[in-house]
Every structure is written in structure tokens, then in C-alpha cells.
There are 4 protein chains.
Amino acid sequence: MNKKIINVAIIGITGYGGLELLRLLYNHPAVHVVSIHNTSDHAEEISTTYPHLKSMYNLTPIPADPLHIMQSADVVFFSTSSGISKDMAQPFIEANFLVIDLSGDFRLNASEYATWYKKTPAPQHLLDQAKYSLADFYQNDSHYIANPGCYATATLLALAPLAQQGLLDEENIIIDAKSGMSGAGKSLTTSSHFINVNENFTMYKANHHQHIPEITQQLKQWQPNINHIQFTTSLLPINRGIFVSAYVKLHSELSADSLQKIYEDTYQNKPFIRVMTQDQLPNIKQVIGTNFADIGLTYNPDTKYLTIISVIDNMVKGAAGQAIQNMNHLFDLDETTGLELIAQYA
Amino acid sequence: MNKKIINVAIIGITGYGGLELLRLLYNHPAVHVVSIHNTSDHAEEISTTYPHLKSMYNLTPIPADPLHIMQSADVVFFSTSSGISKDMAQPFIEANFLVIDLSGDFRLNASEYATWYKKTPAPQHLLDQAKYSLADFYQNDSHYIANPGCYATATLLALAPLAQQGLLDEENIIIDAKSGMSGAGKSLTTSSHFINVNENFTMYKANHHQHIPEITQQLKQWQPNINHIQFTTSLLPINRGIFVSAYVKLHSELSADSLQKIYEDTYQNKPFIRVMTQDQLPNIKQVIGTNFADIGLTYNPDTKYLTIISVIDNMVKGAAGQAIQNMNHLFDLDETTGLELIAQYA
Amino acid sequence: MNKKIINVAIIGITGYGGLELLRLLYNHPAVHVVSIHNTSDHAEEISTTYPHLKSMYNLTPIPADPLHIMQSADVVFFSTSSGISKDMAQPFIEANFLVIDLSGDFRLNASEYATWYKKTPAPQHLLDQAKYSLADFYQNDSHYIANPGCYATATLLALAPLAQQGLLDEENIIIDAKSGMSGAGKSLTTSSHFINVNENFTMYKANHHQHIPEITQQLKQWQPNINHIQFTTSLLPINRGIFVSAYVKLHSELSADSLQKIYEDTYQNKPFIRVMTQDQLPNIKQVIGTNFADIGLTYNPDTKYLTIISVIDNMVKGAAGQAIQNMNHLFDLDETTGLELIAQYA
Amino acid sequence: MNKKIINVAIIGITGYGGLELLRLLYNHPAVHVVSIHNTSDHAEEISTTYPHLKSMYNLTPIPADPLHIMQSADVVFFSTSSGISKDMAQPFIEANFLVIDLSGDFRLNASEYATWYKKTPAPQHLLDQAKYSLADFYQNDSHYIANPGCYATATLLALAPLAQQGLLDEENIIIDAKSGMSGAGKSLTTSSHFINVNENFTMYKANHHQHIPEITQQLKQWQPNINHIQFTTSLLPINRGIFVSAYVKLHSELSADSLQKIYEDTYQNKPFIRVMTQDQLPNIKQVIGTNFADIGLTYNPDTKYLTIISVIDNMVKGAAGQAIQNMNHLFDLDETTGLELIAQYA
């Protein structure tokens, strides 16, 4: 392992993503967090706002001055809401400074971004510099990493082995995705009030979630005839975790054993993807707090539908953990560095 | 309303279904519960075992003697595990005594029952006397009501308007169903331990749930070319409620407005089915504690998939409430009698 | 039972209390809800805002015009935040019109109100017309009922049998009270965000809860030497329910049996108070959705502390249910009318 | 830090405590887990039984042979139910082999153990070799560490600063303690069924919890006139966490500031104890997954009661984490080694 310390700056520290970066980076052996930055004026010592950080971090958010960040840090994480990094990224991109962006601003082409986020996209010459990077299929060729969204990560990992071999029936890809509350962030809305979430289950943004174009864009790279997916998202009354149920048909009939083997082969050297034994399906709890994506398959010979279950922790594999995995790649560290975590069982 | 009092006996009082019957029947203006019966030897006063019944019921379970029940009651509810009523029902059936059976024993034909329940079915001449009765589509022609299962109820109500008109693409009916814990009953298993349910989400019995043949059997009556459905069931970390997400294609393309109208027309005179405004989807909380099934639709013109959401309280509409609705039919009462309940919002 | 229909108006319909009144009054055999009133301008049909009311209520909130209300209704419920009824109640009080006020505005004397609610109290001549009425100890002598607070109800019912006999050691009355989220209302705050409540437990307003003076004021009427109580409140990660743990010493030592008998005697003719068997303690679930207060005792001969557990549903016994019980008294109905409810066990 | 690797054996691997040891020891830089041992015959590869351990541990439980363990390991953890280690510990004790016992078998003297655990205690000469060790007040003088219980840890840390100075009014020490479900272990009982825990709150073992004598025994060492405490335990509907509310009076009146200072002084060099700012109270969430005990104080000048809140993760600080802290002491490691963990905020 490269023993040099990586100096890290984080922009957008008050959301769940930023806090999760702080939690995970604390135990990363090669990282030092040099500065944290708010996009608002709020400037209280971080452990005053968040008592769980008391005695662990003595940092106070400061304004995000790109020049200062580039002088003191080796890499900057954007853990901001959509619409922020597209306006702030320019000096970093022009200086070829390493950026890992957890927001959606650089994941889509300009037209898709405008359609799905209903905001003006980043200028094209900046978008051209960014690379969408599903960390488990990482190919290093950019200074600007667009870190995938949580639903997109779980869905793409569920479908990758089949799409990469062009096996999916492109008209019948049905994704029923569910997420815990943290995926929706800290904003105070009726839909995040405890009473409306607890003992409830709600579908939201059916066919309208902004991760849809992100998924189809990547699937298309693997299997070009895929133009759309049937994709719905629902809110689970839990804090963390994504459970993706994918129901797919294949162009040619394959045995359950063959399908299982395709998944095992695709993921055999990927330390964060654990393929379950055939017909065994993973549950959310087994990955919470970790960077694992656990995947299970079961085939129905009557309906010809294959059910693929993919579970991740939306805050780790779906955000901060994958971002650190991408950082490890950028710095030629073992990709598991700082991310060897076991779920709390009880 | 017929002012005669209906004397009710309940067999199988220690499970959730029996307790829910007691809860609902307490406020039924035409019912008196004359006796409760255990299938085990346990014979403690019911409010000692269940303090929530204190001061409301002074009943002690007694052995289920058919002759005695037929002398003292007008109708008997079986709220027993599968495998009980098939052996106990004979004297009631032969006497043409009214029975409402909440268990699965008389829902399927003999061969399907043997396959899915892995038990010896009831004799054919008894099965012939029973009638599967989805209460909202009730047709009175039997003394023995096989009350539908919870998942089956939610799924059939979601699909009925399309199936009844033969509109479903029979090869692409995908049901992703989720239920709260009470659906699985009181037995103490690893999968019902709090730690394994709370903050978790688990798929179980994928393609193997015993409600599958019950659903296809009824769908087939409406649309004969339906032979199978893609059906999975998952456990939500909540006490009550079923949320069915159905993804279906249609044989001919219909506008979203036409689809909405088909549902509104089918359910316009059915007091317990509430069709939501187009593109508005119901959540579980709005039906908990009630006999409502709330249904919402949203159509995706890109994928040609219609998403149908159906929510019920598995203990009420999915069990005891529907059983009482069926009882109301048998006694020519208004079907809403005793069932006009509003969900607790908070 | 008096068969005359009571026409009810409700002011403050958008909070949990108002919705719970609607839920309970729907099945009250002697009540018709004639109008609902908002204190804001919002005027959408109520079942549009709250889909769980669809097909049950066709009401749209209108401005609260006292003259109009007094012409069309027999009684008005205030289910408003603190600070509203003190300003709106005057015309009702001056007309001797029946008011049941679920808010805190008329529970305290002017000086205590100013101190604990940090608001200008109602004028003294109006306060003089109001009567604080713990429904289970109701004495009819006012047109204006100040309905007790939820914590106050649970605590007073726990202590009443001892205080009424002057038995409490007034320096060692320790109340550790816990409530589900609905007690805090619908406002969107960091502390009501799902993530901050779920899998958490938080003490708030320690020694500062506004129900403290309400409790001591009533205790003092029973046992005049009581001047203060040690009282803390915590938030349980559940929707409903209050669990009061009271730890008290007595002036003279009494046997556990004698203590049990004092409670059984005090509550023997009170249909909503269920005293558990000695050393058996109630849990929250057994009263949810009902107007019961369940009370259990256990005495520790080593420490000389008696533990008293009192559980209620904060929305029913602690708000809307008790208000209806008070209404039943005002109209000389059996106090259980419309309130004979059994908790959902599962 | 001593770079020698500590070889660890764990007896009792199927309970939550053993699994938590595996989780935490995985990232302990000086530990290698050499063997795990069941007390039953079950011998499946651990990650088959517990999929969350897949790819992290390749261990299969083997019978616990003391000689073999002493040859291959440097220390053994007992993470067994009560009644096991008292029978199995003898060869380890007689060989002066290092043992850290998470069970209750060696925490009490023989007579107290017999009374509270209703089992035959370990022989006196073995009990004499064991040392009850609250890790934050560790004094190394034994090979056999009796690791404190979860409730005892939270309570003792709440009271230590006052007891150590003899300040507590010994007749009015009231502890209202609450715990998440994992504290009760994996056994399948009615009280661990999801339906009975979720949306509920239950007091259990009031005045009878086996941690009571453990607490009084330690308090007595600090303040000899303490003979009893008023102590109740309740079950929170969450997975993890203990929240202790202690209500105490003092012999002499001290200002709130002085009390705060006593706590800050006592804990100023103890890295795992975080004293909150005066009148700020910790919540459970801020310590989950960590070895911290967070403590907050608020004084009521009217009642003269001081409220002390102490929160811990029952599985970490209350079990496996404290055991590792004790192990770090035994091996002269920094006590925080492997335990520098930050709670998941969301």
C-alpha cells in the first residue's frame, strides 16, 4: 500500500453523504480530512451540530474556496445537492484537480440532465471531462468522477452480467426498487415526518425517478438495444438500505444453473460483490454499514422470468463507500482500503 | 337492517385472525359471539391471555364440538391454520350449516392443494360444497365460504377490472407483493424475531407462495388464457398491511384515461374499493384497521407497462373483515355493517 | 340513550387531534359532524388532503365564524395549537355555548400559563368559566371543558388513588414519561424527521414540559401539600402511546396488597380504567386505538418505592377520546358511547 | 503499539455477543481470530449461517477443548449464556490463562449468583480468581476478567462520579433503564416476536433484573452505605442501545455547575466517556455501533433531583466492545485500539 497520506477536502458537509464520508474516512489508513466546506453560512464546530462526532473530529466548515482547496488537498469530494457542483466544478476541472462528485450533476448528458433534473446542465466542455464510474467496473481515464446514484448502483449491479452479454429481453426489464429513508436526505417534508414513514410503505416518483436515465445510459453501453426500463421506487420504513427486485426475461432460454454461473463468473474477482448460492436471496440487513452489494437469483420456469435481488447500503455502496472505492482507484490503492466492514447483525 | 341477532362461534381463537374477528365483531350491531373454540387444550379466560380484551369479552375457549356449535350458533368461523378445517368441516357441511373458513383448506382443488400445501386435501364431495368468495364480487350459492387469502385479495382486486375484460397480456403479469409481519402469524421462528425483521426487508417464498394457485384459479375464471403469474412476496418491517405492485402489459394499447375509467366503472358501486385519482398511488397507512382496498394506477407510455398499486389491511380486508363482509351477504345485511372503519392517521 | 343527534363542529381540523375526532365521531351513534373549521385559509375537501377519509367524510373546512357555529351546532371542539382558543373562545363562553377545548389554553391559571406557555393568557373572567375535567373524575359544572393533556392524563390516573387519600411522600414523586411521535404533532422539525426518531430514544423538555403545572395543580387539589414533581418526557420511536413510569414513596408503609386494593377500589366503577393483576404491568399495545387507561403496580420492599405503570393512547384517552367522554357527560349519555373500542392486537 | 499479534479464541459464537466480537475484531490491528467454538453440535461454516460474514471469515465452529485453545490462542472470550462458563472455566483459571467472560457467571459472589441467576455458582476458589472489571476504571490484577453487563455498565458510568465521592442519597437512587431488543438475545420467545415488540414498550423484570446486584456491589465499593437501588428495565422497539435515566438526590446541595464539573473531572482522561454540555442530554443514536458512553446532566432545583442520562450501545460498550477494551488493557495496548468507531448518523 502506498503510505503517502491523501489529503481530502469535502464540500457539502451537512447532508447524510458528507457525514458518511467523515465516518468512513476516519478509519481509512491513508486519508487525512484537511477541510470541510459548507455551501451555506453555517459555521459551527461540526461536533456541536452532530454530537456523534464529538472527540473524533475537530473541524469547522469554511467557505469552499477552490484555490485554497487545491493548495491544501489532493482530492475534493462534492457531497452536495443537485445543482451545486455544476456551478462550482469549473476551476477544479480546468486545473485537472481530482474530483469525486456524489451528486447527479455530471452523470447525464446535457439534454437528459435538463429533462430529469429540470435544471440548466453544466457546460458541455465540462461534462466532457467527467466520467461516470461504477466503481466495481472502474476504468481510469478521468480526473472527474461522477459517482453513481444509489438506486442506479444497485440496479446496474443486478443487471450487468446479463446486459454485458446482451442477454436481456429489452422490452421486459421490470425494476421494483425500495429504499430506506436516508436516501431521501435531510430535508424536512411531510414525506419525511416520522408519522408518515413509520408503519407505512409508499411508492413515489413512479416512472419519474432521476436515476432512470442514469441506468439506461449505462445499460445501453453494455447492451445497445436497451432504450427503457420499467422502474419504480418505494420508501421503506427503515433508515438505510436498498432492495432492488428485478424481473427480467432473456432472449434465449438459459438454465438456472447457467444464469447462476454467469453471475459468479462476472463477479468472481470483485471483492465487494457477493453472489449468493442459487435460489438464496439476500436481505438488506446483511449489507448495512458496508460497501457490499449482495446479489441472489431465482428463476421461474413457468413464467420464464428471472428474479434478481440486489441489496446495498444506500449511504455506503450507494454513495460514500463507492466514492472512497473510486478514490482508492485514483490513488492506486487496493480498492478495499478503509472499506473492509462487517454489518451489525443485531 | 335485519334486527335478528346472529349468533357466532369462532374456531381457532389464539391466532391473529381469531383475535381480529373478536375486535371487529364487538362493534357489529347484529352479532353476538356465543362461543370460542381452541384446537389445543389451552383453556384460560381469553382476557387473561390477551389483556387488551379485558372488560370486553368474558369468554373461555372450549373444545370445538360441532353438534354443540350448530345448536347454539347460526354461523361458525374457522380461523385456523391450514390442515384443520379440512378434517373438522364435514359435520357442518353435511348439515348445510353456514361456515366461513379463513384458512386455505377449501380454496383450491384437491390436486393444487396437495401440491402447494403439501397436505392431504379434503374429500372431493366436501370440496364441491365450498365456494371461493372474493366478497366484493360475491355470488351467493354456497353454505361454505372459502374466504380468500390476504395476498390473493389484494392481487385479485388489482387485476379484476382488466382480467374481467380479457385485457391482460397473459405472459407478462408481474406481481411484487409485500406484507407486514402479522400476515405470517404468531409462530415463533427465526424469521419472526424482532431483530431479523426490524430495519430489514426480506423476500421469501419467491414463486412458491401458496396464494399463487388461488390467484391464477380466479384470474382464469375471468380470463381463461391466464395460466401463470410472476409472483413474489416480501416481508415489510411493519405490523400490518399489504402493498401489491402489479406490472402488466395489455393486449391492445389503451390510453391512461381509458384504463382509469375501466377501474372506476368496475368499482363504482363497491363501497370497500376506493379507486384513487389517476397517477395518485395509495399507501398502506390509509387502509390500516379498515376493510378498504385502495387502488391506484399509473401508465408508462415508454415501456407500455401499467403499474397498479393495491393496498389492504391483511388482517381486515385480507382476513377477518372480508369474512364479516361475506357473513353480511349470507345474512342479507348491508355488506358494510360493522365494517365502517376509518384508519388511524397518526 | 338519548336518541337526539348532537351536532358537532370542530375547529382545527388539520392536526392529529382533529383527525382523531373525525375518526372516532364517525361511529358515535348520537353525533353528526356538521362543520369543520380551519384556522388557516386552506380549504380543500378533507378527503383530498387525507385520502384515508375518502368516501367517509364529504366536508370542506370553512372559516370559524362563532355565530354560524352556534346556530348550526350543539357543541364545538377546539383541536387547535396553544394560543388559538384563548383568543377565539370569548363569544362561545359569553353565550354559554358548550365548548370542549383540547388545547392547553384554559387548563392553567393565568400566571402559570404565562410562565409555561410563554404566551399572554386568556382574560381572567374567561378563565373563570372554564373547568379542567379529567373525564374519569368528571364533575359537571361548566360549559367550557378544558380537556386534559396526554401526559397529564396518564400521570394523574397513575397517582389519583394515592393522592386522593393523601398518601404520597410529596418530596419523592418521580415520573419518567414516554410518548410516541403523534404527541408532538405534525409540524416539520428536525426532531420529527424519521431518521432522528427511528432506532432512537430522546429525552426532551426535562423538567420543562408544559404538562407539569397541569399535573401539580390537579394533584394539589387532591393532596394539598404537593408542590412539585420530578417529571421528564422522552420520545419513543412509535406512532402512538404513552407509557408513564411513576416511582413514589408513601408517608406510611402499606402492604403491596393494600396498595393494590386502593387502586381497585378507586377504579372499580370507572369503565375506562383497567387495573391489572398485582405485579402485572401493562404495555402500550394493549390500549392503542382505545380510550382505556391500563394501570399496574409493583412494590419494592427493599427500596420502599412503589412503581406504578400507566398506559394510554395519547390520541384517544389523551385527547380525542377523553374529549368525547367529556361530551358524553355534557349530554347525559353513557360515558362509553362511541368509545367501546378494542386495540388491534397484531 | 505492541505489534505482536494476539491470537483469540471465542467460545459461544452463535449469540449476538459472539457475532459482535467477530465484527469488531476484524478491524483490530493486533488480533487474529484463530478459532470459534460452539457449545452445541452445530458445525456449519459461519458465513453459511450468517451471510453478512461471507468473504470476511472462513471459520467453522469446533468443540471447545481447553487444552487445544490454550495451545493455539493467547486469550479466550466466553460469549455464552449464563451457566456455561462457570462449568467450563476451571482449566483456564488453573492454568492462569487469560479469559474475558462476557457472561454473568463470575460477576457476583456465590450467594448473590444463586439468588439472582437461580443456578449453582462456580466454586469459591474459582470465583476468587475472577475480577469484575468496568473497563473505564480498570485495575489490572487478574487473569480472569468478568466483563460487566450492559445495564450495569450504563448505570455505573452514570453514577460513578457521585458514588466515588460518597455524594449519593442512598435511599433515593432511581434508575429507569431501557434497552433495545438485542440485549435480550436470540432466543425465540413470545416477547421477542416482532409483533409484540414493534410499536410497543414493555417493562420487564421490574426490581428483578440480574444486573441489580452487580450494580449495587460495585456502587458499594465506591460508597459503602449503598445497599439497594430502585431499578426497572424496559424494552424499546429498536435493535440496539441502552438509555439509562437516573434520578438521584444528594446528601448536600451542590450547584448544577459543580455537579457538571464533577463529571467532567472524573471523565476527562477517559476516551470512551463523553460528558455532554450542561443540560444537554445525549440520545441513543449518537453511540450506536461505538464503544462510547455519552452522559448528560440536568438538575431540578425545585425537586432537588438530578437527572443523569447515560447512553451506550449494549452490544459494544455493553458487551463486545468493553471486552476488547479489557483485552487491550491485558495486553498493554492503547485501550482505544480497534475501537475508534463513529456512529452511523443516518
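Labels below follow one simple rule: chain letters A, B, ... track the order of the sequence lines, proteins then strands, and each chain is numbered from 1.
The ring-ring contact (aromatic ring centres under 6.0 Å, His included) check on A:F272 picks up nothing, with sequence neighbours excluded. In this structure, D:Y263 has no ring-ring contact (aromatic ring centres under 6.0 Å, His included) partners at least two apart in sequence or on a different chain.
Per-residue heavy-atom pair counts under 4.5 Å with chain A were compared for D:E199, D:M315, D:K186, and the maximum is reached by D:E199. Chain D forms the most heavy-atom pairs under 4.5 Å with one residue out of A:R274, A:K285, A:Q286, and that residue is A:R274.
In this structure, the side chain of D:N27 does not engage the main chain of A:L341 through any donor-acceptor pair within 3.5 Å.
Looking at heavy atoms from C-beta onward, D:Y345 lies out of side-chain contact with A:R23 at the 4.5 angstrom threshold. With contacts defined as side-chain heavy-atom distances shorter than 4.5 Å, the pair A:Q344/D:I288 qualifies.
Here the closest non-hydrogen pair linking D:F292 and A:K54 is CZ-O, 4.3 Å. Of all non-hydrogen atoms in A:P51 and D:M276, the two that sit nearest each other are CB-CE, 3.9 Å.
If you measure heavy-atom distances from D:R240 to chain A, the contacts under 4.5 Å come from the side chain alone. Contact of D:N283 with chain A is not made at all, since no heavy-atom distance falls under 4.5 Å. Only the backbone of D:L22 has a heavy atom closer than 4.5 Å to any heavy atom of chain A. For A:V275, the part sitting under 4.5 Å from any heavy atom of chain D is the backbone (N, CA, C, O) and nothing else.
More than 12 heavy atoms of other residues, nucleotides or ligands sit less than 6.0 Å from atom NZ of A:K270.
Note that the CD1 atom of A:I342 and the CG atom of D:L25 stand 9.5 Å from one another [nearest 0.5 Å].
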